[in-house]
Amino acid sequence: MRHLMSPLDLSVEELQDLLNLAQAIEKDPERYAHICAGKKLATLFYEPSTRTRLSFEAAMLNLGGNILGFSSADSSSAAKGESVSDTIRVISCYADICAIRHPKEGAAIVASQKARIPVINAGDGGHQHPTQTLTDLLTIYSLKGRLGHLKIGLCGDLKFGRTVHSLIHALIRYPGISFVMISPEELKIPSNLKEDVLNERAIPYLETDRLEEVMPDLDILYMTRVQKERFFNEEDYLRMKDFYILDKKKMELAREDMLVMHPLPRVNEISVELDDDPRAVYFQQAQYGVFVREALILTLLADAGKITLPEKGGASC
Ligand code: CP
């Protein structure tokens with residue numbers, strides 16, 4: 001049984017196949033509109049979500065399948081003390097595939113070990129958020145035409161932001177990638193990620209707290225929200241939450257073709273005055289999230305022998 005716990009569960013070749021499938025779905029959605037008829041996706045969300053849960057559900061509905069699930073721990077038997085292991089054993093009787101979000105790091109791995117259906121990690125604590133990474137990669141690939149030879153600025157909460165951690169892991173597999181890490185001292189990228197991943201592979205990176213100084217050099221600026229829910233101390237959160245606010249004045253320093261990405265939700269870190277700037281692609285990014293999740297559901301269900309994918313370029317189903 002194949003699961004998705006981390007973006008690295010997919011080889012570069014498998015990832016390229018997935019991105020190609022997502023682009024094929026975007027071009028010709030009708031061709032894929034009935035493939036999952038009779039199949040069910042369960043969304044098990046122990047933490048709040050708008051995009052990830054609803055884009056998974058939209059993806060399954062677009063494929064002709066059905067959805068079931070819960071959107072908070074309080075509305076499931078977790079509130080009575082049921083373990084993730086027991087829950088997933090039960091869900092395996094009800095659904096063909098599931099996406100799970102949980103505040104504890106490693107919870108999705110525990111679920112995958114007990115499941116009889118493919119399990120997708122939809123975010124586990126501050127650890128990984130692989131389907132956001134797939135969304136980000138599809139956005140970059142579709143709008144820049146490549147995944148290598150890019151200078152990527154990561155700005156905001158680089159300590160707790162799991163989307164940033166997953167994106168770094170995924171992008172270092174491509175040639176010519178370099179990073180500029182822009183954060184306050186307290187929210188710097190974890191040292192193990194620098195030592196074990198970036199230094200180990202000799203990936204060039206710069207750390208700074210000055211966004212303006214590095215703006216002209218970037219191909220992509222990936223903004224992140226300060227993760228209030230992961231702070232132990234409200235005072236620290238309040239001190240750091242508005243450290244970076246991207247506005248029109250700062251965007252004047254950026255290249256004409258620099259993309260501004262954000263996994264969303266946004267709080268204050270990007271001014272709404274930028275939303276009409278053609279370089280601000282965060283809402284397009286959310287749309288790509290549906291296509292790539294459709295491609296992922298199809299890939300995992302086909303791998304489990306539950307559906308048959310149409311031949312590449314072949315007749316419609
Ligand atoms: N990007 C993202 O994970 O958004 P949600 O928390 O709304 O799912």
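Count residues from 1 along the sequence. Values in this document were obtained by computation on a predicted structure and should not be read as measured data. Both counts, for ligands and for their atoms, begin at 1 and track the order of listing.
Using a 3.5 Å distance cut-off with no hydrogens or angles, the side chains of Gln284 and Thr139 do not pair a donor with an acceptor.
Under 4.0 Å from ligand 1, the heavy atoms of Leu264 that appear belong solely to its backbone.
Remark: of the listed residues Lys151, Arg255, Arg279, Arg255 is the sole one forming a salt bridge (Lys or Arg N to Asp or Glu O under 4.0 Å) with Asp219.
Residue nearest to atom 3 (O) of ligand 1, selected from His129, Gln132, Gln285: His129 (by heavy-atom distance).
When each atom of ligand 1 is checked for a heavy atom of Thr52 under 4.0 Å away, the hits are 2 (C), 3 (O), 4 (O), 5 (P), 8 (O).
Between Arg266 and Glu269 no salt bridge is recorded (no basic side-chain N to carboxylate O distance below 4.0 Å).
If you check which protein heavy atom lies closest to atom 6 (O) of ligand 1, you get Arg101 NH1, 3.0 Å. Residue, atom and distance of the protein heavy atom nearest to atom 7 (O) of ligand 1 are Thr50 N, 2.8 Å. When hydrogens are left out, the protein atom nearest atom 4 (O) of ligand 1 is Arg51 NE, 3.1 Å; that is the closest non-hydrogen contact.
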Practice item. Run the numbers on Met258 and Met215 for side chain to side chain contact (heavy atoms under 4.5 Å, CB included), then give the verdict. Key: CA-CA 9 Å; Met258 187 193 81; Met215 283 284 277; 4.2 Å; yes

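You'll find the side chain of His102 stays beyond 4.5 Å of the side chain of Leu44, heavy atoms only.
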